[in-house]
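Heads up: the structure comes next, in structure tokens.
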Amino acid sequence: MARKFFVGGNWKCNGTNEEVKKIVSTLNEAEIPSEDAVEVVVSPPFVFLSLVKSLLRSDIQVAAQNCWVRKGGAFTGEVSAEMLVNLGIPWVILGHSERRLILNESNEFVGDKVAYALSQGIKVIACVGETLEQRESGSTIEVVAAQTKAIADKISNWDNVVLAYEPVWAIGTGKVATPAQAQEVHAELRKWFQTNVSAEVAGSVRIIYGGSVNGANCKELAAQPDLDGFLVGGASLKVNSSYKFASFI
Ligand SMILES: O=C(COP(=O)(O)O)NO
């Protein structure tokens, strides 16, 4: 079954009202393939979600960068999945390595977050990825399989989940994974789904790559058979009038 290509832009903790409006106006003029060919999602910080949603063209969707692990309440500083539903935000990024490493989000905690967001009708970009130390010790596949298993243990349906493989050593470093490195891990993850979930999910789940993707390296990465798209950080903020989204496809 053909998997629809997916391009996400993770703006992380960046932007001002003016900068966000500028990016959105450029995206509104950007050349992007039709929605039935490519799914495009941008993820601004929480404080800009409503602004972006109100200004952005309808064929680009909006994602939050996180949400709380259960129904809202006395959890100061958190944003609940119910609030995202209320804002009409259809996607959320969960398990980003910057939250796993900086905020000590465990595999199980991420699995619980994915399950709760899905239960509220929010679609999830679930992130996995190894550190440089883990790669150098040869435990890449073991690490990303454990991160994926912690999600699979908590959900029974992958239809609304996109898995993002983002090697920590490639995030923000300019050291993009080679196409072969990315393909190897994506293929191992697809094999993991085949063995541990189902052949159907293995064939249909989109596994996207993130980590120093840009217009210059995306085409070769996109040509890899088990790579279904990107989760772009820094480069998703560097849009300008000559921006051609197609360069990411
Ligand atoms: O964290 C990332 C990737 O960031 P960069 O593209 O800046 O490496 N995506 O979620």
Side-chain angles (χ1 to χ4, degrees), residues 5-15 19-20 23 26-27 30 38-46 48-49 52 60-67 89-105 107 110 113-114 117 122-132 134-135 140 143-144 147-148 151 161-179 181-182 185-186 189 206-222 224 227-240 243-245 247-249:
F5 209 74
F6 185 100
V7 180
N10 176 4
W11 299 357
K12 303 193 181 183
C13 188
N14 293 296
E19 288 164 349
V20 164
I23 293 175
T26 304
L27 285 173
V38 182
E39 199 157 11
V40 180
V41 178
V42 292
S43 185
F46 287 129
F48 299 124
L49 282 173
V52 170
I60 297 181
Q61 299 174 73
V62 182
Q65 295 178 15
N66 181 46
C67 66
I89 304 298
W91 286 92
V92 66
I93 299 172
L94 292 173
H96 193 281
S97 61
E98 289 155 2
R99 297 192 62 84
R100 290 175 185 264
L101 297 172
I102 299 168
L103 301 170
N104 293 318
E105 290 194 351
N107 289 353
V110 173
K113 281 191 163 189
V114 173
I122 302 277
K123 294 180 274 192
V124 177
I125 303 166
C127 301
V128 298
E130 82 286 5
T131 63
L132 182 61
Q134 289 164 336
R135 172 163 283 265
T140 293
V143 167
V144 298
Q147 291 170 329
T148 306
I151 297 168
V161 181
V162 170
L163 192 70
Y165 166 57
E166 298 200 305
V168 178
W169 46 271
I171 295 175
T173 62
K175 298 190 183 86
V176 64
T178 65
Q181 284 174 323
V185 178
H186 283 233
L189 282 167
R206 285 172 295 174
I207 306 175
I208 65 177
Y209 169 80
S212 293
V213 174
N214 58 40
N217 59 38
C218 63
K219 278 202 180 356
E220 219 187 332
L221 284 163
Q224 300 312 306
L227 197 143
D228 304 311
F230 299 114
L231 187 52
V232 184
S236 68
L237 291 165
K238 297 189 183 83
V239 291
N240 55 46
Y243 194 76
K244 291 272 181 292
F245 219 103
S247 70
F248 280 93
I249 311 305

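Remember, it's 1-based here, ligands and their atoms both numbered in the order they're listed.
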Rounded to the nearest 0.5 Å, what's the gap from [atom1] on [X] to [atom2] on [Y]? Could you check?
X      : Y      : atom1 : atom2 : answer
His96  : Leu103 : NE2   : CG    : 12.0 Å
Leu49  : Gln65  : CG    : CD    : 8.0 Å
Leu221 : Asn214 : CG    : CG    : 9.0 Å

> So, the side chain of Arg100 versus the backbone of Gly95: is there a donor-acceptor pair under 3.5 Å, distance only?
Replying inline: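 Answer holds: yes.
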
>> Going by ring pair (Phe, Tyr, Trp, His ring centres under 6.0 Å), name the residues that satisfy it together with His186, two or more places apart in sequence or in a different chain.
In response: Tyr165

>> Contact between Thr140 and Gln181 at the side-chain level, heavy atoms closer than 4.5 Å - yes or no?
In response: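 With C-beta onward as the side chain, the pair stays apart.
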
What does the N/O contact table under 3.5 Å look like for ligand 1?
| from | atom 1 | to | atom 2 | distance (Å) |
| --- | --- | --- | --- | --- |
| ligand 1 | 1 (O) | Lys12 | NZ | 2.7 |
| ligand 1 | 1 (O) | His96 | NE2 | 2.7 |
| ligand 1 | 4 (O) | Lys12 | NZ | 3.2 |
| ligand 1 | 6 (O) | Ser212 | N | 3.4 |
| ligand 1 | 6 (O) | Gly233 | N | 2.9 |
| ligand 1 | 7 (O) | Gly234 | N | 2.8 |
| ligand 1 | 8 (O) | Gly172 | N | 2.7 |
| ligand 1 | 8 (O) | Ser212 | N | 2.7 |
| ligand 1 | 9 (N) | Glu166 | OE2 | 2.5 |
| ligand 1 | 9 (N) | Leu231 | O | 3.4 |
| ligand 1 | 10 (O) | Asn10 | ND2 | 3.0 |
| ligand 1 | 10 (O) | His96 | NE2 | 3.0 |
| ligand 1 | 10 (O) | Glu166 | OE1 | 3.1 |
| ligand 1 | 10 (O) | Glu166 | OE2 | 2.7 |

